[in-house]
There are 2 protein chains.
Amino acid sequence: MKKKRITLKDIAKELNVSISTVSRALKDHPDIDKTLTKRIKTLAQKWNYIPNPLAMGLLRQQTRVIGVIVPDLVTYFFSSIISGIEEELQQAGYYIVISSSKESMEKEIESVNNLLNLRIDGLIVCLAQNSKSTKHFEKVLEHDVPLVFFDRVCLEKKVSTVVVDNVSMAEDITTHFYKNGAQRIAHITGPKHLNIVQERTEGYLKGLNQVGLEYDPKYLIRTDLSPVNATKATQKLLNLPSPPDAILGVNDTVIFATMKEIKSRGLSIPEDIMLAGFSDEFHATVVEPNLTSVAHPTHEIGRNAAKLILEQIEEGRSIQKKIILNTELHIRESSQRAVS
Amino acid sequence: MKKKRITLKDIAKELNVSISTVSRALKDHPDIDKTLTKRIKTLAQKWNYIPNPLAMGLLRQQTRVIGVIVPDLVTYFFSSIISGIEEELQQAGYYIVISSSKESMEKEIESVNNLLNLRIDGLIVCLAQNSKSTKHFEKVLEHDVPLVFFDRVCLEKKVSTVVVDNVSMAEDITTHFYKNGAQRIAHITGPKHLNIVQERTEGYLKGLNQVGLEYDPKYLIRTDLSPVNATKATQKLLNLPSPPDAILGVNDTVIFATMKEIKSRGLSIPEDIMLAGFSDEFHATVVEPNLTSVAHPTHEIGRNAAKLILEQIEEGRSIQKKIILNTELHIRESSQRAVS
DNA sequence: ATTTTACCTGCAAAGCTTTGCACAAACCTT
DNA sequence: AAGGTTTGTGCAAAGCTTTGCAGGTAAAAT
């Protein structure tokens, strides 16, 4: 009953020719008799012959599998990027194996090793929140496995990356807040070692500077990227003698927690406090008020990361490129106040 | 510079023994001299030897790769299930290759073929919305590849499935609506051939019957699962001479579209119309009012599907099991009305 | 001293494909 | 008719691992 996968050998035996002849015929090798070629091809078609990818992989030392490691699978930002990666790679005949680091460096290291052992042809990664070491990625490089980072990156000198211009976007939001009447603009930020965190903080400071507001350390709160700690950070801000009248979150997840906390205190958005976040999670347009956010071109991030990997595989050498994608500031209710 | 992956051959050459000796030593074969075994193991450790999975796969005729096909990657429901699958399979030393059917049967067929060609060891699937044919899955069965469906299923006689009790949940919601004062309960449903759609509709009818409301075909609108058509369906309902005072959506995606449409008409929820959905998307608690919804144990669905696959692989024969997981009805603002 | 046993180790095949090289037959040239 | 081409086909190795079987040596038994 079980349908055996048919091999060159099967075809060869049936037609009383050698395996090599079959192999050549199937790729239209000129040496093989045209009539024989046709017969072989017909049978191969009929029996639905597909070369065994394991054998091919062994021969060519490649698997046509690309590894993808993301901090988590369930937020829209990442799943949508994965969707973009998948689209591009599937078209090129590659498969993707996904692994979630759950924001933990340990799991990330484990995933890298697993995937390396699987002999992936390339690796696309968004760093886990607490990934401070880069050793595991240097190992990837040593093995000459093409590597691409997106969003949260490291080893920028050696590795290709796909990012967005966090600095200018954070700056834009900050000035936007000011134009809408904010005077005490706060920023809930994340772990210092992440590039996206640094850049957004830098943009925030630039923005303050541009509109002539003085930077007040009280209004810059560092936390991790979890909702729980975002809530705590918000409480700290709201408990200040003069609480902020605008808060920029390091991402939307943080801002959703902030929003809940603000609402629970009976304060109103944007009247009392304006809000804006990063990454434009799907529910930015679902919450009330709708959230102002920087929309990342998630699908494009994924596709570009995939393209970079493909390029490196084809070129055979490791090219170092940095692709900066445009984001859009989606201004919605949470940050628009009628300025008197 | 490039670090070659080291093989048994390398170790054998270095130690001047044969490949087979190395292979045996590494699995503590009693035939091999203990001292030699130790030396071999030490070197293997030092050189970080990992068996080539391609060679192993070729030998054992298995890849340790499980395919997963979902209608889309970006909704919380699916990404969260994938997360559960990943957790369980990774632990068992399997890799997952994910493919999105984008709700299209054509893409689904393509994915099945691709994965089959990759020689996956098992396949986990949630049917695409318009998957009416089951031929491609029968092909999977013919090849003796373990197969598991979750949520949207078919071929139930032959294939293991992981589902939830849609009938009773739809019934519960319907009676819940009634208890909260609803008299004209509508249901926006989906494509007829999907089991989840049939079951939820059945539950809806049962519910009506139970509370003594008569079924009115005007209040049962069939559409696909897209937000666009959900909006249209809602419009139809609201334009009725006597519009419904409660709407049960076939899932949350549909209900979000419904909610927007209702709000845009200045009607209020739950006062004018009560709402409830299925699957408890993450933003059910983010929208205002919070949405009443049937919470699927997504993570558990994923883990159970993975376990079923693992079981079939280990048993070597195809077992047919049906796992029904418990759901919880999360009653929130959108369906609670003070009954006078 | 010779046979038996025990103890190690290696050969080779299988799993599947590609490809350089050799070989054979048929054709053409002179 | 003999040597040279052309044309078509197969052998075998490589890529890496596992494992049945054979073979070798040294120690034990007779």
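Just so it is clear: chains get the letters A, B, ... in the order the sequence lines come, proteins before strands, and each one is counted from 1. All values below were derived from every heavy atom in this structure, side-chain atoms included, with hydrogens, water molecules and symmetry-related copies excluded.
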| request: Among the candidates C:dT17, C:dT19, D:dT18, find the nucleotide nearest to the side-chain atoms of A:Arg60. | output: C:dT19

| Whole-Å gap separating C1' (D:dT18) and CE (B:Met56) | 7 Å

| query | Any chance the side chains of B:Ser160 and B:Gln320 put a donor and an acceptor closer than 3.5 Å? | reply | no

| request: Using a cut-off of 6.0 Å, state whether more than 12 heavy atoms not belonging to A:Lys46 lie near its atom NZ. | output: no

| message | Any side-chain N or O of B:Tyr49 below 4.0 angstrom from OP1/OP2 of D:dC16? | response | no

| message | Please tell me if A:Ser18 has a side-chain N or O lying less than 4.0 Å from either OP1 or OP2 of D:dT9. | response | no

| Hey, does the side chain of A:Lys34 come within less than 4.0 Å of D:dT7's phosphate (OP1/OP2), counting only N and O? | no

| field | Value in whole Å for how far the P atom of C:dG15 lies from CD1 of A:Ile6 | value | 15 Å

| query | Between A:Thr21 and D:dT9, is there a side-chain N or O to OP1/OP2 distance below 4.0 Å? | reply | no

| Does a side-chain N-to-carboxylate-O contact under 4.0 Å join A:Lys321 and A:Glu311? | yes

| message | Judged by each residue's nearest nucleotide on DNA chain C, which is more toward the 5′ side, A:Leu58 or B:Ile19? | response | B:Ile19

| B:Glu315, CD: over 12 other non-hydrogen atoms inside 6.0 angstrom | yes

| field | Atom pair distance, as rounded to whole Å: CG in A:Leu15 and C1' in D:dT9 | value | 14 Å

| request: Counting heavy atoms from C-beta on, name the nucleotide in C:dC16, C:dA14, C:dT18 closest to the side chain of A:Leu59. | output: C:dT18

| request: Just call it for A:Thr7: base, sugar-phosphate, or nothing, with non-hydrogen atoms closer than 4.0 Å on any strand. | output: sugar-phosphate

| request: Inspect the contact between B:Arg303 and B:Glu86 and indicate whether a charged nitrogen and a carboxylate oxygen are less than 4.0 angstrom apart. | output: no

| said: Could you tell me if A:Ser18 and A:Thr21 have a donor-acceptor pair between their side chains, going purely by distance under 3.5 Å? | reply: yes

| Nearest-nucleotide comparison on DNA chain D, the residue closer to the 5′ end among B:Pro51 and A:His29 | A:His29

| Nearest to the side chain of A:Gln61, which nucleotide is it out of D:dC16, C:dT17, C:dT19? | D:dC16

| Atom pair distance, as rounded to whole Å: CG in B:Asp10 and C1' in D:dT17 | 13 Å

| said: Looking at B:Lys9, I'd like to know whether one of its side-chain N or O atoms comes within less than 4.0 Å of OP1 or OP2 on D:dG15. | reply: yes

| query | Do A:Ser20 side-chain and D:dC11 base share a donor-acceptor contact under 3.5 Å? | reply | yes

| base_contact_polar (D:dG10 base, A:Arg24 side chain, donor-acceptor, <3.5 Å) | yes

| request: Grab the CG-C1' distance between B:Leu26 and D:dT19 for me, whole Å please. | output: 15 Å

| remark: Of the listed D:dC11, C:dT17, D:dC16, the closest approach to the A:Asn52 side chain comes from C:dT17

| message | What is the separation between atom CZ on A:Arg39 and atom C1' on D:dT9, rounded to the nearest whole Å? | response | 13 Å

| note | Per nearest nucleotide of DNA chain C, the residue lying toward the 5' end, B:Ile32 or A:Asp31, is B:Ile32

| Nearest to the side chain of B:Lys27, which nucleotide is it out of D:dT18, C:dG10, D:dG15? | D:dT18

| said: Tell me the interatomic distance from B:Ile11, atom CD1, to D:dC16, atom C1', rounded to whole angstroms. | reply: 12 Å

| request: Can you tell me the distance, in whole Å, between the CD1 atom of A:Ile40 and the C1' atom of D:dG8? | output: 12 Å

